[in-house]
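Working notes, beginning with the structure itself.
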Amino acid sequence: LNLSIMSWVEVSKDSHFPIQNLPYGVFTRNGNDSAHIGVAIGDLVLDLNVLASAGVIEGPAASALKEATLNTYMGLGRPIWKSVREKLTQLLTPGSSLEKDSDLRAKAFVPQKEVKMHLPCVIGDYTDFYASRQHASNVGAMFRSKENPLLPNWLHLPVGYHGRSSSVVISGTPVVRPKGQTRPSDDQPVQFGPCRVLDFELEMACLIGPGNQMGDAIPISQADDHIFGVVLMNDWSARDIQKWEYVPLGPFTAKNWATSISPWVVTLEALEAFRIPGPDQSDPVPQEYLRDPTPGSYDIQLSAAIQSPKMKAPQVITNTNFKYMYWSMKQQVVHHTITGCNLRPGDLLGSGTISGPEVDSYGSLLEITWGGKNSFKLNETGEERKYLQDGDSLILEGFCQGDGYRIGFGQCEGTVLPAKN
C-alpha cells in the first residue's frame, strides 16, 4: 500500500475517501433501479459494473462485480480483492488509461450526491459481541457490583449473541420507536407500551468474506483472510424492554427491531497502516486457540453526535477509539467458529459497544448518563437529554488519520420516529 500516492481525481485532505481507501458499496443512480457495485473516491463513486462491462476488470472478479450485491465478490477471497485493488489504484493514478478515456470516465463516475446507497450485501446472519472491557465493566458496575463488574467468563472468551439480520438497515433509514413489555421496578406491575429508554450503541462491525465448512474452525492465523471489510454500526437498544426480558437468555426484542450500518465497506488492506497491538491479555491468558501473536487492533477515531429537530447542526457527545476493544475481530471470528459453526460471505459480526476510560469516550447513553441518573445539555437549544427522543438523529463517524490523508467510513445516521399505534 503506497501511502503517498495521489489520484488524478480531486480529493480534499479531510475527505474520508482518498485513493488509499477505495471502500466498496452498492448504489443506484437517480432515476435508475439497477443496483451497481462501486468504490468511493473523493466525492465520487466509481461504478465497477461499468468497468467490468467494458473489459477493464477481467477474470472472476468481473462477473462478480456486475452483480447487485457484494456477496459473490466477498467470497472470492483476498488474492482477488488484492488484484482488483491494484487495478483500481492504477486506474486512478495520474496518466492512467481511465484518465485519458473521456467516454469511459463519463459513464463510470457519478457524484455521491446523485446516488442512493443500499446494504452492501445480503446479510445472512448477524452476531453482536460484547467486547469492550470498559463498556462491560460500566454495565456490570451499574447493575451488579462495582467490585466485581465482569462476569467470570468475560476475560476468557468473546461474549456474544445472535441478532436479527432482517432488521439491519443502511445509514439514513429512519427507525421506529419500538413497543414492548417493561417493568419499571419490582414493586410495579408489568406494563406494555412505547419504549421510554431508547439508546444507541457506537459499534463497528466486520463483514465476512470466504466462509468455512460446517465442522471446521478458522484458526487465528487465517482469520484476517475471512474478513472482507469493516463498517460503522449502531445497535439501537430499548433499555427498559431489555431490563425486563434479558434474564436468562440475553437481549431479544430490545434489540431485534433495528440495527444501522454505514454504506461503505473499508477493507483490511486500507486499514493496514493503522493496525496496532490490542490490550494486554496476560491475566488471564486466553485459551490457545484465541492467542494472537500479531497486532489485532486498529487506531480508528470514532464519534457519536445527536441532533434534535430544533437543532441546525449535530452536537458530538462522545469521542472514542476502536483500540479500546479487548477482544479483536480476529478473535471474534475464531471463537464464533471454534464449535464448527459455518460463517458465510456477507455475515455481519458487531464489535459490541466501544467505550473508552472517560465519560466523554463512553459509547452509549446508558453509560454517559449512568443509567439515566444524569442528563446532558444540547448547547444550541438548551434542551436536556438522558435518552433519545422522537425526532432525534444519531450520527456515528469514524476515520483513521494518516499523514495528509484519512481512511474514513463516512457516516452511520438514523432518526427516531414515534412508535406506531
Side-chain angles (χ1 to χ4, degrees), residues 74-75 77-79 81 124-137 139-140 144 148-163 203-230 233 249-250 267-269 271-300 321-357:
M74 288 171 158
R78 187 173 295 276
W81 307 336
D125 281 294
Y126 158 49
T127 301
D128 196 23
F129 287 90
Y130 185 52
S132 161
R133 184 171 185 169
Q134 186 65 54
H135 173 67
S137 296
V139 174
R144 285 186 297 275
N148 296 290
L150 297 177
L151 290 171
N153 64 353
W154 200 93
L155 291 171
H156 292 271
L157 56 84
V159 174
Y161 72 95
H162 291 285
E203 302 193 24
M204 303 200 76
C206 68
L207 286 160
I208 297 299
N212 58 303
Q213 291 294 319
M214 186 176 177
D216 293 341
I218 296 173
I220 195 78
S221 61
Q222 298 175 20
D224 273 348
D225 294 334
H226 292 267
I227 299 174
F228 176 71
V230 187
M233 190 177 98
L249 293 180
T267 65
L268 293 193
E269 187 161 0
L271 296 173
E272 183 60 33
F274 304 93
R275 188 189 288 265
I276 58 174
D280 176 62
Q281 292 185 343
S282 62
D283 184 20
V285 176
Q287 294 289 317
E288 186 174 357
Y289 75 94
L290 286 169
R291 296 174 198 166
D292 187 2
T294 64
S297 193
Y298 297 89
D299 182 8
I300 305 173
N321 196 295
F322 188 73
K323 67 183 180 183
Y324 295 127
M325 300 305 295
Y326 186 83
W327 296 105
S328 70
M329 290 186 290
K330 288 193 288 181
Q331 290 172 315
Q332 291 171 352
V333 167
V334 168
H335 186 65
H336 203 311
T337 65
I338 195 61
T339 57
C341 173
N342 52 317
L343 299 178
R344 295 176 293 186
D347 283 356
L348 184 73
L349 273 60
S351 65
T353 306
I354 303 167
S355 291

* **Closest heavy-atom pair and its distance - P345, G211** => CD-N, 4.2 Å
* To do: Report the distance from atom OG1 of T267 to atom CD1 of I227, rounding to the nearest 0.5 Å.
  => 12.0 Å
* Distance-minimising heavy-atom pair for P219 and A217 -> CD-O, 3.5 Å
* Backbone of D224 reached by a side-chain donor or acceptor of R78 within 3.5 Å -> yes
* Please answer whether the main-chain N or O of S137 pairs with a side-chain N or O of W154 as donor and acceptor at a distance below 3.5 Å. => no
* To do: State the CG-CD distance between L343 and Q213, to the nearest 0.5 angstrom.
  => 12.0 Å
* Indicate yes or no: at least one non-hydrogen side-chain atom of F322 is less than 4.5 angstrom from one of V230. => no
* If you measure from CG on D128 to OH on Y161, what distance do you get to the nearest 0.5 Å? -> 4.0 Å
* **Heavy-atom side-chain proximity of P286 to W327 below 4.5 angstrom** => yes
* Asked: P279: what forms a side-chain contact (heavy atoms from CB on, under 4.5 Å) with it, not counting sequence neighbours?
  -> Y326
* Between R344 and I208, is any pair of side-chain heavy atoms under 4.5 Å apart? -> no
* To do: Specify the closest pair of heavy atoms between L157 and L290, including all atoms of both residues, with the distance to one decimal.
  => CA-CD1, 4.4 Å
* Asked: In terms of side-chain geometry, is the basic nitrogen of E288 or R291 positioned less than 4.0 Å from the acidic oxygen of its partner?
  -> no
* To do: State whether the side chain of H226 and the backbone N or O of G209 hold a donor-acceptor pair below 3.5 Å, judged by distance alone.
  => no
* Rounded distance (nearest 0.5 Å) linking atom CG of D292 with atom OG of S221 -> 9.0 Å
* Asked: If you measure from CD1 on I300 to CG on N321, what distance do you get to the nearest 0.5 Å?
  -> 7.5 Å
* Asked: Do the two ring centres, one from H156 and one from H335, sit under 6.0 Å apart?
  -> no
* Taking the side chain as C-beta and beyond, is there a heavy-atom pair between D347 and T127 under 4.5 Å? -> no
* How long is the span from the OH atom in Y324 to the CD1 atom in I354, to the nearest 0.5 Å? -> 11.5 Å
* Least distance between heavy atoms, L268 atom then Y298 atom -> CD2-OH, 3.8 Å
* Closest approach of I218 to T337 (non-hydrogen atoms, all atoms of both residues) -> N-OG1, 3.0 Å
* How far apart are the closest heavy atoms of G346 and L207, and which atoms are they? -> O-CD2, 3.6 Å
* Below 4.5 Å, heavy atoms only, C-beta onward: do L349 and C206 meet side chain to side chain? -> yes
* Check for a donor-acceptor pair, side chain of N342 on one end and backbone N or O of G215 on the other, with a separation under 3.5 Å. => no
* E203 side chain near H135 side chain, heavy-atom distance below 4.5 Å -> no
* Side-chain heavy atoms of Y126 within contact of M233, under 4.5 Å -> yes
* Asked: Side-chain contact, heavy-atom cut-off 4.5 Å: P295 with I276?
  -> no
